[in-house]
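In listed order, ligands and their atoms are each counted from 1. Side chains are part of it too, since the values below use all heavy atoms of this structure and drop only hydrogens, waters and symmetry mates. Sequential numbering from 1 along the given sequence is applied to the chain's residues.
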Amino acid sequence: MIMVTKNQTPSGIVEEFMDWIRQRNPGEREFHQAVYEVGVNVLPFLLEHPEYREAEIFRRLCEPDRIVIFRVVWQDDQGNIQVNRGYRVQHNNAIGPYKGGIRFHPSVNLSILKFLAFEQTFKNSLTGLPMGGGKGGSDFDPKGKSDSEIMRFCQSFMSELYRHIGPYTDVPAGDIGVGGREVSYLFGQYKRLANQFTGVLTGKGLAFGGSEIRVEATGYGCVYMMEDMLKHSGEDIDGKTAVVSGSGNVALYAVEKLIELGARPVTLSDSSGFIFDPAGINNEKLAWIKELKENRRGRISEYAAEFGVEFHQGKNPWVVPCQLAFPCATQNEIRKADADRLLQNGCIAVAEGANMPSEQAAIDAFQAARILFAPSKAANAGGVAVSGLEMTQNSMRLSWSREELNRHLREIMLEIHNRCVQYGTEDDHFVSYLRGANVAGFIKVADAMLAYGVM
Ligand code: NDP
Ligand code: 2IT
């Protein structure tokens with residue numbers, strides 16, 4: 001049944017839909033934000049597509065298929081019993097098994113995981129690969145924990161999760177706080193409980209079914225997206241100054257690719273503040289940061305001491321003048337005031353490495369200024385795309401070379417760029433990558449859902 005609408009204008013339809021979302025999901029701010037960000041493009045698109053509208057496809061897409069919430073109990077090194085909460089949001093499997101990362105961070109709650117799983121569904125669709133959307137995690141804080149505490153937590157988490165996932169059901173991977181070490185502990189425990197060696201997680205080590213380029217894929221893919229947007233508008237990435245936030249998996253490999261393509265990355269950050277290196281981070285400094293972050297698990301402030309540059313405690317890097325911005329840390333890290341500052345300082349393009357890093361008012365400012373803006377579901381899709389290729393390799397029981405995988409990643413990012421151009425080009429030739437990504441991501445899932453009938 002089609003809901004009777006008070007007001008059939010596009011903004012009236014969005015407003016009415018959001019009233020429904022807020023009423024059904026009270027207090028879930030991030031989830032409301034993610035639905036709005038997609039709905040503002042997709043709901044007006046439905047006015048011209050009654051087949052989707054009459055089948056209430058978008059409304060169905062705003063209700064996850066299933067959510068599992070469970071207790072995770074583990075023992076710390078002092079012998080104390082610790083209690084955390086685990087989640088898996090299986091959002092939509094219309095076009096493939098649920099697929100998406102696991103986040104371990106004290107801020108994790110249902111709203112954050114529902115927003116991430118919702119976004120993941122459209123992102124995975126955009127990759128062109130057969131993957132549905134899901135996301136999981138826990139409010140567990142890996143910071144300051146010993147290796148054995150991380151192992152015990154991961155084993156306990158998987159002791160419940162394993163019954164809900166599988167290579168044809170749901171295939172988790174990493175996200176904030178979950179990297180190679182955690183995926184290994186999780187996969188080991190799954191294998192033990194299920195007595196099966198399958199491609200049930202991605203981001204695995206190369207010795208046990210992992211894929212080349214997966215570690216690099218999100219950061220590299222994000223820079224490829226930027227390269228393609230610049231090319232499409234007659235610009236070049238070479239020589240441009242780039243501001244990058246975060247100093248985790250996504251940020252470090254974005255910096256690596258920026259250096260390779262001749263850009264000048266000048267910042268990195270973590271939750272304590274940012275470093276500003278006006279000379280640019282080069283390969284030698286990047287190798288030092290990788291050792292710091294991946295092996296010693298240190299803080300980015302140590303870079304300032306090592307290389308004699310400024311560390312800005314408690315601040316984010318959007319005050320630094322740049323042409324290109326790469327938010328690669330977390331959601332809502334670019335506020336409206338940050339967006340205004342970036343624009344005043346001459347920023348011409350933003351590619352979102354993190355998921356939903358720009359708040360809505362910041363996006364509105366970027367769009368109003370007509371700068372190039374690649375939303376996360378397009379810009380960071382390279383990670384899950386190579387996860388999809390890891391699944392393919394696991395099914396075929398073979399491993400492709402680094403060169404072959406990088407070639408696939410490059411092609412997939414270009415295809416995503418071109419889909420955004422196809423669905424997002426406006427009358428004045430401005431490309432709304434946001435609208436393009438939302439509409440193109442929606443159509444594939446919607447067509448599958450229509451084909452299945454009412455469910
Ligand atoms: P990591 O855990 O490797 O790194 C996260 C980085 O962001 C750290 O530098 C961390 O600093 C910082 N950070 C995290 N939370 C906050 C916060 N609340 N405030 C300030 N800084 C914060 O995660 P990833 O690099 O994997 O993920 C970064 C973003 O990219 C996330 O939004 C994630 O969802 C997204 N993403 C990741 C993909 C992947 O393949 N890994 C794929 C697609 C998107 P600190 O150490 O101080 O906490
Ligand atoms: O947000 C994301 O796309 C990820 N964290 C990666 C998911 C995956 O399954 O590789």
Do any nitrogen or oxygen atoms of N380 come within less than 3.5 Å of a nitrogen or oxygen of ligand 1? no
Proximity winner for atom 6 (C) of ligand 2, if only heavy atoms of K135, M391, R214 are counted: R214
Short list, please: which atoms of ligand 2 are under 4.0 Å from a heavy atom of S387? 8 (C), 9 (O), 10 (O)
Any atoms of ligand 2 less than 4.0 Å from a non-hydrogen atom of K99? List them with their elements. 8 (C), 9 (O)
One should read off an interatomic distance between T202 OG1 and R214 CZ, to the nearest 0.5 angstrom, of 5.5 Å
Any atoms of ligand 1 less than 4.0 Å from a non-hydrogen atom of G353? List them with their elements. 30 (O), 35 (C), 36 (N), 44 (C)
Starting at CE of M131, measure out to CD1 of I95 and round the result to the nearest 0.5 Å. 7.5 Å
Specify side chain, backbone, both or neither for S245, according to which of its non-hydrogen atoms lie closer than 4.0 Å to ligand 1. neither
contact_flag E333 ligand 1 heavy-atom lt 4.0 Å: no
Should Q120 be counted as touching ligand 2, given the test is an N or O pair under 3.5 Å? yes
Does any N or O of ligand 1 fall below 3.5 Å from an N or O anywhere on C328, backbone included? no
Indicate, as side chain, backbone, both or neither, the part of R214 found under 4.0 angstrom from ligand 1 when only non-hydrogen atoms are considered. side chain
With respect to atom 34 (O) of ligand 1, which of V178, D175, L252 exhibits the smallest heavy-atom separation? D175
From CA spacing to verdict: side chain to side chain donor-acceptor pair (under 3.5 Å), Q90, D170: CA-CA 8 Å; Q90 298 183 329; D170 184 354; 2.8 Å; yes
Could you tell me, atom by atom, which parts of ligand 2 come under 4.0 Å of a heavy atom of A173? 8 (C), 9 (O), 10 (O)
Give the residue and atom name of whichever protein heavy atom lies nearest to atom 41 (N) of ligand 1, and the separation in Å to one decimal. N249 OD1, 3.4 Å
Got an N/O contact under 3.5 Å between R299 and ligand 1? yes
Compare A354, G248, G246, A329 and give the one whose heavy atom is closest to atom 28 (C) of ligand 1. A329
Contacting atoms of ligand 2, where contact means under 4.0 angstrom from a heavy atom of G101: 7 (C)
Based purely on interatomic distance, does S271 place a nitrogen or oxygen under 3.5 Å from a nitrogen or oxygen of ligand 1? yes
Output yes when a side-chain donor or acceptor of N124 lies under 3.5 Å from a complementary backbone atom of K99, and no otherwise. yes
T218 and ligand 2 - part of the residue with a heavy-atom distance under 4.0 Å: neither
Taking atom CZ of F115 and atom NZ of K135, what is their separation to the nearest 0.5 Å? 8.0 Å
OG-CD distance between S376 and Q120, expressed to the nearest 0.5 angstrom: 10.0 Å
Option with minimal heavy-atom separation from atom 35 (C) of ligand 1, where the choices are V386, N355, T330: N355
Parallel, tilted or perpendicular for F58 and F118, by the 30°/60° rule? perpendicular
K123 to ligand 1: N or O pair under 3.5 Å? no
Atoms of ligand 2 close to K123 [distance to a heavy atom under 4.0 angstrom, numbered from 1]: 1 (O), 2 (C), 3 (O)
Have a look at L268, V250, T218, L116 and point out the one with the heavy atom closest to atom 43 (C) of ligand 1. T218
For the OG atom of S111 and the CG atom of N109, what is their distance to the nearest 0.5 Å? 5.5 Å
Quick one: does any side-chain atom of D175 pair with a main-chain N or O of G101 as donor and acceptor, under 3.5 Å? no
Could you walk me through whether S399 and E212 satisfy the side chain to side chain donor-acceptor pair (under 3.5 Å) test, starting with their C-alpha distance in whole Å, then the side-chain angles of each, then the deciding distance to 0.1 Å, before giving a yes or no? CA-CA 8 Å; S399 302; E212 292 281 4; over 6 Å; no
Per-residue contact class, R103 against ligand 1 - non-hydrogen pairs under 4.0 Å: side chain
For Q331, which part has a heavy atom under 4.0 Å from ligand 1: side chain, backbone, both, or neither? neither
Could you check whether Q422 and N418, counting side-chain N and O atoms only, form a donor-acceptor pair closer than 3.5 Å? no
Counting heavy atoms under 4.0 Å, the part of S269 that contacts ligand 1 is backbone
What is the minimum heavy-atom distance between F31 and C62, and which atoms define it? CZ-O, 3.5 Å
Does G174 reach ligand 2 with a nitrogen or oxygen that is under 3.5 Å from one of the ligand's nitrogen or oxygen atoms? yes
Ignoring hydrogens and geometry beyond distance, is a side-chain donor-acceptor pair present between Q33 and N332 at under 3.5 Å? yes
Can any side-chain N or O of D139 pair as donor or acceptor with the backbone N or O of R85 at less than 3.5 Å? yes
